[in-house]
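First up is the structure itself, then whatever we jot down about it.
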Number of protein chains: 2
Amino acid sequence: MTTIPVPGKPVRGSQSGAPIMALFDLLGRRWAMGVLWTLCGQGPCTFRELQGRCGLLSPTVLNTRLKELRQAGLIDHANEGYHATPMGTELYKLLVPLGAWSKEWATTLDTGND
Amino acid sequence: MTTIPVPGKPVRGSQSGAPIMALFDLLGRRWAMGVLWTLCGQGPCTFRELQGRCGLLSPTVLNTRLKELRQAGLIDHANEGYHATPMGTELYKLLVPLGAWSKEWATTLDTGND
DNA sequence: CTGTCTGCTACAAAATATGTAGCAATTTAG
DNA sequence: CTAAATTGCTACATATTTTGTAGCAGACAG
């Protein structure tokens, strides 16, 4: 197999071809779910504000994630700022239960550092 | 709005204290969701078999993810092999709708990969 | 024009992932 | 018993991704 790595382009592949794996590939990148969550949960905003909302992630990564998410049709960018597409909102809705579950899950974790 | 950058702050996600962000931090790592998905969807198996099921990911990463997932209480390791805990199974169930959604989503993507 | 926003890029350094080899312990076969 | 195979897993070098910081050009206010 001849894979030519292009700088700045993702190399990871969803080799299996299963859509769920492609989705995991997209969401399984640092900040990907956090960005979607923040954007959908707190409404449209600018690049820099999103940066702040997410806890000061670097513009490099934010821009990369934004590109990927936009290319995936989950978010869009207009004059009003970045915002979720209908499809992105649908995905977000599926993610919402995770928010509730995570609260229970958190109580089962080792509190802080051993 | 003024956001004050704090240089040298901890790097790993989840500083916000929100459980959902901690969860995203855990799942937003390479292969994390894929491993959980495969383990829950196809049943318990050995280390090497899981490696094969996931598409031959390196033992280094598999071991790292397995440790993290086990530490998070989502999977466990016994004589019959690696398997999901009840909590891991619950999380998996929340992930299942993503599988269906991803199939629709896949049809909206560019036919070419990039 | 100056100062301050905006989205975004360049760049180097740090962190993480990949691929391969191989180890100790266990199981299987003879 | 020994020998081969298989297990979970680690070491290590290399490749890729993420991070942090500086800074650009364009829009807008004063």
Side-chain angles (χ1 to χ4, degrees), chain A residues 1-16 21 24-36 38-39 44-71 75-83, chain B residues 1-16 21 24-36 38-39 44-71 75-83 113-114:
Chain A
M1 152 160 88
T2 338
T3 315
I4 300 155
V6 181
K9 280 238 159 166
V11 170
R12 316 162 57 184
S14 38
Q15 303 94 325
S16 71
M21 288 306 168
F24 286 165
D25 190 42
L26 176 72
L27 297 182
R29 289 162 194 246
R30 205 137 291 176
W31 290 109
M33 288 187 284
V35 165
L36 186 64
T38 303
L39 206 52
C45 64
T46 67
F47 185 95
R48 297 210 179 191
E49 195 186 333
L50 190 52
Q51 214 182 335
R53 284 186 190 173
C54 287
L56 300 170
L57 79 174
S58 71
T60 317
V61 178
L62 179 55
N63 187 41
T64 306
R65 290 298 96 85
L66 250 19
K67 268 184 198 164
E68 294 163 355
L69 255 20
R70 192 166 38 179
Q71 200 168 33
I75 67 172
D76 203 3
H77 187 205
N79 279 337
E80 312 302 319
Y82 284 97
H83 60 274
Chain B
M1 157 174 164
T2 325
T3 337
I4 298 140
V6 182
K9 106 187 278 201
V11 174
R12 300 305 153 47
S14 90
Q15 311 92 330
S16 70
M21 288 305 168
F24 285 165
D25 191 43
L26 176 73
L27 297 183
R29 282 161 197 264
R30 217 150 277 186
W31 289 108
M33 287 188 285
V35 165
L36 186 64
T38 303
L39 206 51
C45 63
T46 68
F47 185 96
R48 297 211 178 192
E49 194 186 334
L50 189 52
Q51 213 182 336
R53 284 187 189 174
C54 286
L56 298 170
L57 77 174
S58 69
T60 317
V61 179
L62 179 55
N63 187 42
T64 307
R65 289 299 95 85
L66 250 19
K67 269 184 198 164
E68 295 163 355
L69 255 20
R70 191 165 38 178
Q71 203 166 34
I75 66 172
D76 202 3
H77 188 204
N79 278 336
E80 66 270 7
Y82 284 97
H83 60 274
N113 212 333
D114 268 25

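Every chain is numbered from 1 and lettered A, B, ... according to where its sequence line falls, protein lines coming before strand lines. These numbers come from a predicted model, not from an experiment.
- Atom CG of B/Leu62 is separated from atom C1' of C/dT18 by 13 Å (rounded to the nearest Å).
- Atom pair A/Leu57:CG and D/dT18:C1' shows a separation of 10 Å (rounding to whole Å applied).
- At D/dT18, one or more side-chain N or O atoms of A/Arg65 fall inside 4.0 Å of OP1 or OP2 (strictly under the cut-off).
- Between A/Arg30 atom CZ and C/dT16 atom P the separation is 6 Å, expressed in whole Å.
- Looking only at distances, a side-chain donor or acceptor of B/Gln51 sits under 3.5 Å from a matching main-chain atom of B/Leu57.
- Following rounding to the nearest Å, B/Glu49 (CD) and D/dG8 (P) show an atom-to-atom distance of 9 Å.
- Look at CG on A/Asn63: it is 15 Å from C1' on D/dG23, rounded to the nearest Å.
- Checked by distance alone, A/Arg48 brings a side-chain donor or acceptor within 3.5 Å of a matching partner on the base of C/dT6.
- Atom-to-atom distance recorded for A/Arg65:CZ and A/Leu26:CG is 8.5 Å, nearest 0.5 angstrom.
- The phosphate of C/dG7 has OP1 or OP2 within less than 4.0 Å of a side-chain N or O from A/Thr46.
- Between the CD atom of B/Glu80 and the C1' atom of D/dG8 there is a distance of 15 Å, rounded to whole Å.
- Taking only distance into account, the side chain of A/Thr60 meets the base of C/dA10 through a donor-acceptor pair shorter than 3.5 Å.
- For A/Lys67, no side-chain nitrogen or oxygen approaches OP1 or OP2 of C/dG7 to under 4.0 Å.
- Listed nucleotides: C/dT18, D/dG8, D/dT18. Nearest to the side chain of B/Tyr82: D/dG8.
- In this structure, B/Leu69 places its CG atom 17 Å from C1' of D/dC9, rounding to the nearest Å.
- With C/dA17, D/dC9, D/dG20 as the candidates, the nucleotide lying closest to the side chain of B/Phe47 is D/dC9.
- Between B/Gly34 and B/Cys54, the shortest heavy-atom contact is O-SG, 4.4 Å.
- Ring pair B/His77/B/Tyr82 is parallel by interplanar angle, where below 30° counts as parallel and above 60° as perpendicular.
- Comparing A/Val61 and B/Pro59 by the nucleotide of DNA chain D that holds the closest heavy atom to each, the one mapping nearer the 5' end is B/Pro59.
- Residue A/Trp31 places at least one side-chain N or O under 4.0 Å from the OP1 or OP2 atom of D/dT19.
- Counting heavy atoms of neighbouring residues, nucleotides and ligands inside a 6.0 Å radius, atom CD of A/Glu80 does not exceed 12 of them.
- At whole-Å resolution of the value, CZ in A/Phe24 and P in C/dA17 are 17 Å apart.
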